[in-house]
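Please read the structure below before turning to the comments.
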Amino acid sequence: MMNTYQQCIDGKLVSGADKVINVVNPATELPITEIHESSLEQVDAAVRSALNVFSYWKNTSEDERNNTLKKIAGVIAENKAELAELITKEQGKPLGLAMLEVDASISWVNYTVSLSLPPKVIEDSAARVVEQHHRPLGVIASITPWNWPVMIAIWHIIPAIKTGNTVVIKPSNYTPLSTLFLVELINRVIPPGVINSVVGDAVVGDALSRHADISKIVFTGSTATGQKIMENAAVNLKRLTLELGGNDPAFVLAHEDVELLAPRIFQAAFLNMGQTCAAIKRLYVHESIYDAMCEKLCEIASASKVGDGFDPEVTFGPVQNAAQLAIVEDLVTDAIRQGGQVLCGGDRPAGSGFFYPPTLISGLSDGVRLVDEEQFGPVLPIIKFSDPHEAIAEANKNSNGLGSSVWSADTDYASSLVHRIEAGTTWINNHAEVLPNCPFGGCKMSGFGVEFGLDGLKEYTRTHIVNRAKS
């Protein structure tokens with residue numbers, strides 16, 4: 001192991017105090033290292049550190065914070081190789097994709113530097129001047145998942161400190177090392193206490209979400225955990241941004257160019273082995289091209305190589321953990337039982353590692369678990385339709401509403417369908433593209449609040465109206 005990755009409290013690296021977390025390489029099922037969970041006293045210490053420095057950090061100038069963000073981008077870039085290798089080792093994705101994750105994180109930091117929330121003059125009349133200001137909230141708790149452990153941490157941390165808040169972050173127990181190392185790097189260029197880290201399971205998460213000195217929680221993860229966080233947050237009416245995943249439908253309209261669209265659809269469905277909240281999870285294909293689309297997607301799947309992410313020829317790594325792999329296998333078994341036909345994949349290979357091949361299943365409809373539930377893995381149900389309005393109506397019955405897409409050369413017609421889809425984002429001839437300048441969030445059980453862009457930045461602030469009489 002290159003380093004002993006520890007939590008960071010008040011700028012100091014400290015070992016956890018409670019039970020051991022065994023961090024496992026999903027490609028080998030062998031332990032990478034073990035770390036200790038934070039005690040509840042350490043959670044309190046992390047929050048107290050963030051709260052103490054908030055009185056200073058909230059009063060720093062925008063220029064000072066921007067300069068700090070530039071330093072953060074720089075220190076991440078200097079340690080890009082180690083971060084990427086650590087991501088591959090504990091998360092499983094191919095090293096090239098891990099490098100892209102780090103590069104995207106650096107770009108996200110640099111873009112956030114360009115954002116600003118200056119005071120807005122609402123009224124300037126003979127009677128008064130009314131201004132709207134954006135003030136920081138306080139201590140932000142960030143709880144992050146295992147699929148993009150560095151990038152999602154950056155999505156949470158950077159807008160928080162940009163707007164004058166301080167942070168306590170808790171990564172997933174499956175992938176804590178890269179996030180802990182990220183926080184260690186940030187603490188080389190930022191005042192102690194501005195960003196702190198803790199590690200642990202639901203007990204630590206509950207302690208954060210209930211803590212009276214936490215002003216906001218940013219969470220990316222399951223709906224069930226998000227509901228628990230929301231319940232805990234009621235203690236002191238914490239602000240919330242909840243990105244709770246999705247079950248994104250994609251609709252491919254009649255007589256489209258299968259050769260053109262299939263590679264892009266495959267990539268959007270199987271990005272990061274399907275372990276992406278906004279990946280295509282349900283593919284609805286018009287009956288006129290259904291067979292051709294199934295055949296082409298299988299051809300692409302068969303040409304892919306699944307294996308250890310450090311192998312340069314590998315295109316897909318393992319499912320990240322055994323529990324998620326069990327969910328994937330259970331959904332495939334149920335789909336077959338319900339009449340689904342496995343077009344390719346469908347069997348876990350022999351040997352070690354949580355590997356599962358890209359799997360395509362036809363002959364399904366809404367009401368089957370693989371269609372109704374988020375698989376969060378390398379399996380795609382392909383559903384045939386004849387009327388796009390009926391297909392959209394069926395898809396909308398799902399409780400999720402994160403992303404969606406419509407694929408058609410007739411972009412005017414595709415655009416006319418968009419308003420019928422219940423989702424936070426609908427792409428046309430694209431999917432899963434999140435951009436630092438575009439707000440992103442879900443509806444229904446996919447959560448609420450947005451990230452990215454000015455709207456996302458505002459979520460880390462409270463409105464303060466200053467009304468000054470002129471006479």
Side-chain angles (χ1 to χ4, degrees), residues 26-29 91-94 96-97 147 245-250 252 258-259 261-285 289-309 311 313-366 368-384 431-432:
T28 63
E29 299 184 52
Q91 201 280 333
K93 67 186 62 174
L97 183 57
N147 55 337
N247 192 356
D248 287 18
V252 187
V258 170
E259 292 291 322
L261 296 186
R264 294 156 61 185
I265 289 170
F266 185 87
Q267 177 62 24
F270 291 96
L271 174 67
N272 198 29
M273 284 299 281
Q275 299 169 134
T276 296
C277 294
I280 295 174
K281 307 289 174 58
R282 300 175 282 162
L283 181 62
Y284 294 80
V285 180
I289 56 170
Y290 184 83
D291 291 340
M293 179 63 74
C294 289
E295 182 178 350
K296 185 61 181 179
L297 290 174
C298 281
E299 178 185 318
I300 298 169
S302 298
S304 65
K305 181 178 179 180
V306 178
D308 192 313
D311 182 341
E313 295 183 358
V314 159
T315 49
F316 293 106
V319 175
Q320 200 285 318
N321 57 79
Q324 191 60 43
L325 178 57
I327 290 171
V328 169
E329 291 184 299
D330 184 48
L331 289 173
V332 170
T333 299
D334 181 76
I336 295 170
R337 189 182 301 122
Q338 300 299 321
Q341 292 87 49
V342 176
L343 302 177
C344 60
D347 288 309
R348 181 181 178 183
S352 60
F354 304 134
F355 296 109
Y356 201 86
T359 298
L360 300 163
I361 301 183
S362 66
L364 299 178
S365 60
D366 298 277
V368 176
R369 286 181 59 207
L370 181 59
V371 179
D372 292 354
E373 300 176 20
E374 182 183 26
Q375 67 276 50
F376 214 70
V379 180
L380 182 66
I382 310 175
I383 303 117
K384 184 187 296 186
H431 201 109

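Fair warning: this is a prediction, and the values are worked out from it, not measured in the lab.
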Original post:
At what distance, to the nearest 0.5 angstrom, does CZ of Phe316 lie from CD of Gln275?
Top reply: 11.0 Å
Subject >> Short side-chain to backbone donor-acceptor contact, Asp334 and Leu370, under 3.5 Å >> reply: no
Original post:
Distance from Asn147 atom CG to Cys277 atom SG, nearest 0.5 Å?
Top reply: 5.5 Å
**OP:** Measure from the side-chain N and O atoms of Gln324 to the backbone N and O of Gln375, and report whether any donor-acceptor pair falls under 3.5 Å.
**Re:** yes
Original post:
Minimum heavy-atom separation for Gly307 to Pro318, with atom names?
Top reply: O-CD, 4.1 Å
**OP:** Can you measure from NZ (Lys296) to CD1 (Ile265) and round to the nearest 0.5 angstrom?
**Re:** 12.5 Å
**OP:** First locate atom CD of Gln320, then atom CZ of Phe354, and finally report the distance between them rounded to the nearest 0.5 Å.
**Re:** 8.0 Å
Original post:
Where do Asp248 and His431 come nearest, in terms of heavy atoms and distance?
Top reply: OD2-NE2, 3.1 Å
Subject >> Stepwise side-chain contact (heavy atoms from CB on, under 4.5 Å) test for Val332 and Tyr356 >> reply: CA-CA 11 Å; Val332 170; Tyr356 201 86; 3.6 Å; yes
**OP:** Taking the side chain as every heavy atom from C-beta outward, state whether Arg369 and Asp330 have any pair of such atoms under 4.5 Å apart.
**Re:** yes
**OP:** Please name the pair of heavy atoms, one in Ser365 and one in Val371, separated by the smallest distance, quoted to 0.1 Å.
**Re:** O-CG2, 3.5 Å
Subject >> Side chain proximity check, Pro357 to Pro349, heavy atoms < 4.5 angstrom >> reply: yes
Original post:
Of Ile382, Ile383, Asp291, which meets side chain to side chain contact (heavy atoms under 4.5 Å, CB included) against Val285?
Top reply: Ile382
Subject >> Minimum-distance pair of heavy atoms, taken over all atoms of Leu364 and Pro381 >> reply: CD1-CB, 3.9 Å
**OP:** For residues Val252 and Met293, report the shortest heavy-atom separation together with the two atoms involved.
**Re:** CG1-CE, 4.1 Å
Subject >> Atom CD of Glu29: over 12 foreign heavy atoms under 6.0 Å >> reply: yes
Subject >> Sidechain-backbone polar pair: Glu329 side chain, Ile327 backbone, donor-acceptor under 3.5 Å >> reply: no
Subject >> Exercise: identify the closest heavy-atom pair between Ile361 and Ala335 >> reply: CD1-CB, 4.2 Å
Original post:
Hey, is the main chain of Lys93 close enough, under 3.5 Å, to the side chain of Gln91 for a donor-acceptor pair?
Top reply: yes
Original post:
Which value, rounded to the nearest 0.5 Å, describes the distance between Leu343 atom CG and Leu297 atom CG?
Top reply: 9.0 Å
Original post:
Is there a donor-acceptor pair under 3.5 Å between the side chain of Asp372 and the backbone N or O of Asp366?
Top reply: no
**OP:** Kindly say whether Ala301 contributes a backbone atom to a donor-acceptor pair with the side chain of Ser304 at under 3.5 angstrom?
**Re:** yes
**OP:** Give a yes or no on whether the backbone of Gly346 and the side-chain of Thr359 come within a donor-acceptor separation of less than 3.5 Å.
**Re:** yes
**OP:** Say whether, by atom type as modelled, one donor and one acceptor occur between the side chain of Lys281 and the main chain of Gly274 under 3.5 angstrom.
**Re:** no
Subject >> Residue pair Pro378 / Val319, side-chain heavy-atom distance below 4.5 Å >> reply: yes
Original post:
What's the spacing between Asp308 CG and Ser352 OG if we round to 0.5 Å?
Top reply: 9.5 Å
Original post:
Can Leu360 and Phe270 be said to form a side-chain contact (heavy atoms from CB on, under 4.5 Å), step by step?
Top reply: CA-CA 11 Å; Leu360 300 163; Phe270 291 96; 4.0 Å; yes
